[in-house]
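This report concerns only the one structure given below.
Both counts, for ligands and for their atoms, begin at 1 and track the order of listing.
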Amino acid sequence: MTHAPLKVAIAGLGTVGVGTVKILQQHADLIRMRCGRPVVITAVCSRDQNRHRGVDLSNYQWFSDAAEMATQANADVIVELIGGSSGIAKNTVEAALAAGRHVVTANKALLAHHGLALAKLAESKGVSLNYEAAVAGGIPVIKSIREGLAGNAVTRVQGILNGTCNYILTTMRQEGRGFDDVLKDAQRLGYAEADPSFDIDGVDTAHKLAILASVAFGVEVNFNAVQVEGIRHISATDIQFAEELGYRIKLLGVASMSLDGIEQSVHPTMVPLSAPIAHVEGVFNAVVTDGDAVDSLMQEGRGAGEGPTASAVVADIVDIARGIHLPTFGVPVEKLKPSQARPMNLHTGAYYVRLMLVDQPGVFADVAAALRDHKVSMESMIQRVREPGESVPVVITTHITSESGMLAALDAIAKLDTVTEPPRMIRIESA
Ligand SMILES: NC(=O)c1ccc[n+]([C@@H]2O[C@H](COP(=O)([O-])OP(=O)(O)OC[C@H]3O[C@@H](n4cnc5c(N)ncnc54)[C@H](OP(=O)(O)O)[C@@H]3O)[C@@H](O)[C@H]2O)c1
């Protein structure tokens, strides 16, 4: 093994880029000891060379073009921390891999959309494409599935993968406030972007889930196979009912393996209070992996932010310095199976349904008939106190049933004259 320094060039000096520079500078001795060789930054790149970023960059060669840096810098590893699934981030990673340089990235959007092609390119050049920071920030979940759980057949991987959504849902519950109100707070505190749609509509979680599913099941990354539903429609009322029923609402990404394919979905989920993931609150993330030998393993930690994300980036760099080289998604690209998507209408599970009903004689009989006609069996029902002339919330939970039956029943219920709002349905996850 070589003792020569590992030379690193960093593209993007924002939150994660600066965090990475800080760790590599502050822990240079620790990292040298752990790797048996120094890890040194040789070049950096960002848009604005004049901005002071709170770190000393004076010893590094400056590039204003990241793709040029990818091929021209005196570096063994190119670290891409710009972001975005196309444009300069993609060009930089492709150029680096094509030039036979290792790549470390935190870019989940890029991996979710182009992971397979990039993994092929990395493999053809015999270099690493490492992306620990792309999924669940500081939680070493890629390493844990790809290495620590290598002796398991994984049957399901699920997680709270977006801190913004978890913060919003937690605050709504703790403070009894509505979604729009809490979202504004999250934006003010810097937990949510000015345009929050990627987070709250579930797209960010879906990017991460597609990557996790690939590593967990040895299949090609297939972002289009992920069925996505965000948290915009979750109301304070649903959150209160969930508590009353012994559940907590979380935005989960769930990928599960079955005989007829892999179901990948992102949706608000009611998890029982007895499940550890129900208690992962605020901006924290958690990933639960079910393996046939290990049983169920939960990892919890900070899924974003300068330190946690840079921690994962540096771990990927350290792997390269130590000479650890693994197939991008755990098995060689040619062995990755096509991801056979299992449609959600084949899903079976229990459901929470909230209806707003005009309280008049016969109304429950109509609802019960619609459920019966589609073979949906009710487990419990809660009705709020009646206010004369107003519609009342009625909450139903079901036994295990098929999603197609549930949706058909809701379709029929929505058409009843006594139903004043579209029914709300939330899937219940067993644990
Ligand atoms: N922030 C997190 O907590 C977190 C967590 C997990 C993963 N990630 C991922 O990490 C990556 C970086 O995120 P971030 O939060 O650090 O982003 P950020 O703070 O917005 O920083 C992006 C950096 O990229 C630079 N940049 C933008 N366009 C460029 C271009 N054309 N050429 C060169 N540099 C360019 C910016 O330059 P200037 O500074 O000069 O404008 C900035 O330094 C993204 O893929 C993100 O999804 C972030």
Side-chain angles (χ1 to χ4, degrees), residues 9-23 43-55 57 60-70 72-73 78-93 95-96 103-115 118 129-142 159-167 186 189-196 198-199 203-212 282-285 287 301-317:
I10 300 175
L13 294 169
T15 305
V16 187
V18 165
T20 302
V21 172
K22 280 185 192 166
I23 295 180
V44 291
C45 167
S46 202
R47 275 180 304 209
D48 181 357
Q49 189 171 3
N50 297 320
R51 187 184 306 166
H52 183 63
R53 298 170 192 271
V55 281
L57 303 171
Y60 314 141
Q61 187 179 3
W62 179 274
F63 283 84
S64 50
D65 181 334
E68 187 192 329
M69 185 180 81
Q72 300 306 311
I78 305 298
V79 182
E80 183 277 305
L81 300 171
I82 296 172
S85 64
S86 57
I88 187 67
K90 179 166 176 272
N91 296 345
T92 301
V93 169
V103 167
V104 172
T105 179
N107 191 336
K108 54 254 175 178
L110 179 68
L111 265 293
H113 288 282
H114 305 290
L118 294 173
L129 169 58
N130 289 350
Y131 52 90
E132 183 65 73
V135 182
I139 306 175
V141 62
I142 301 299
I160 296 172
L161 300 170
N162 184 277
T164 305
C165 290
N166 207 39
Y167 169 81
L189 292 167
Y191 294 150
E193 304 279 337
D195 176 2
F198 247 49
D199 290 324
V203 180
D204 177 73
T205 301
H207 284 151
K208 295 166 182 169
L209 185 71
I211 298 168
L212 273 184
V283 294
F284 278 78
N285 282 20
V287 180
R302 292 190 183 276
E306 180 184 301
T309 315
S311 160
V313 170
V314 172
D316 276 348
I317 297 170

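Distance remark: protein heavy atom not present below 4.0 angstrom from atom 20 (O) of ligand 1. For atom 26 (N) of ligand 1, the nearest protein heavy atom is under 4.0 Å away.
In terms of N/O distances under 3.5 Å, ligand 1 is not approached by A304. The N/O atoms of S64, backbone and side chain alike, include none that comes under 3.5 Å of an N/O atom in ligand 1. At under 3.5 Å, a nitrogen or oxygen of L13, whether backbone or side chain, sits near a nitrogen or oxygen of ligand 1. Between G305 and ligand 1, an N or O atom pair is found at a separation short of 3.5 Å.
Comparing heavy-atom distances from atom 39 (O) of ligand 1 across R53, R302, M69 singles out R53 as nearest. When the options A109, A106, A133 are ranked by their closest heavy atom to atom 10 (O) of ligand 1, first place goes to A106. Of the options T309, V44, V16, the smallest heavy-atom separation from atom 14 (P) of ligand 1 is shown by V16. Nearest-residue assignment for atom 38 (P) of ligand 1 (options A66, S46, G87, C45; heavy-atom criterion): S46.
The closest protein non-hydrogen atom to atom 29 (C) of ligand 1 is R47 CG, 3.6 Å. Shortest contact from atom 12 (C) of ligand 1 to any protein heavy atom: L81 O, 3.3 Å. Counting protein heavy atoms only, atom 31 (N) of ligand 1 is closest to I88 CG2, 3.5 Å. The protein heavy-atom contact nearest to atom 42 (C) of ligand 1 is G14 N, 3.7 Å. Scanning the protein for heavy atoms near atom 44 (C) of ligand 1, the closest one is G83 CA, 3.6 Å.
Numbered from 1 in the order shown, with element, the atoms of ligand 1 that lie under 4.0 Å from a heavy atom of D48 read 40 (O). Heavy-atom contacts of K108 reach the following atoms of ligand 1: 6 (C), 7 (C), 8 (N), 47 (O) (cutoff under 4.0 Å).
Here the closest heavy-atom approach between residue A11 and residue T92 is recorded as CB-CG2, 4.4 Å. Closest approach of D48 to N50, counting heavy atoms only: OD1-N, 2.9 Å. Smallest separation of non-hydrogen atoms from V103 and A96: CG2-CB, 3.6 Å.
How far OG1 of T164 is from CG of L189: 11.0 Å, rounded to the nearest 0.5 Å. In this structure, NZ on K208 lies 11.0 Å from CD1 on I142, to the nearest 0.5 angstrom. Remark: K108 NZ to L161 CG distance equals 10.0 Å, nearest 0.5 Å. One distance of note links CD of E80 with CG of L129; it measures 10.0 Å at 0.5 Å rounding.
By the neighbour-count criterion of 12 heavy atoms within 6.0 Å, atom CD of E68 is densely surrounded, having more than that number from other residues, nucleotides or ligands. Other residues, nucleotides and ligands place no more than 12 heavy atoms under 6.0 Å from the CZ atom of F198.
At a cut-off of 3.5 Å, with distance as the only test, a side-chain donor of S46 or R53 sits close to an acceptor on the other residue.
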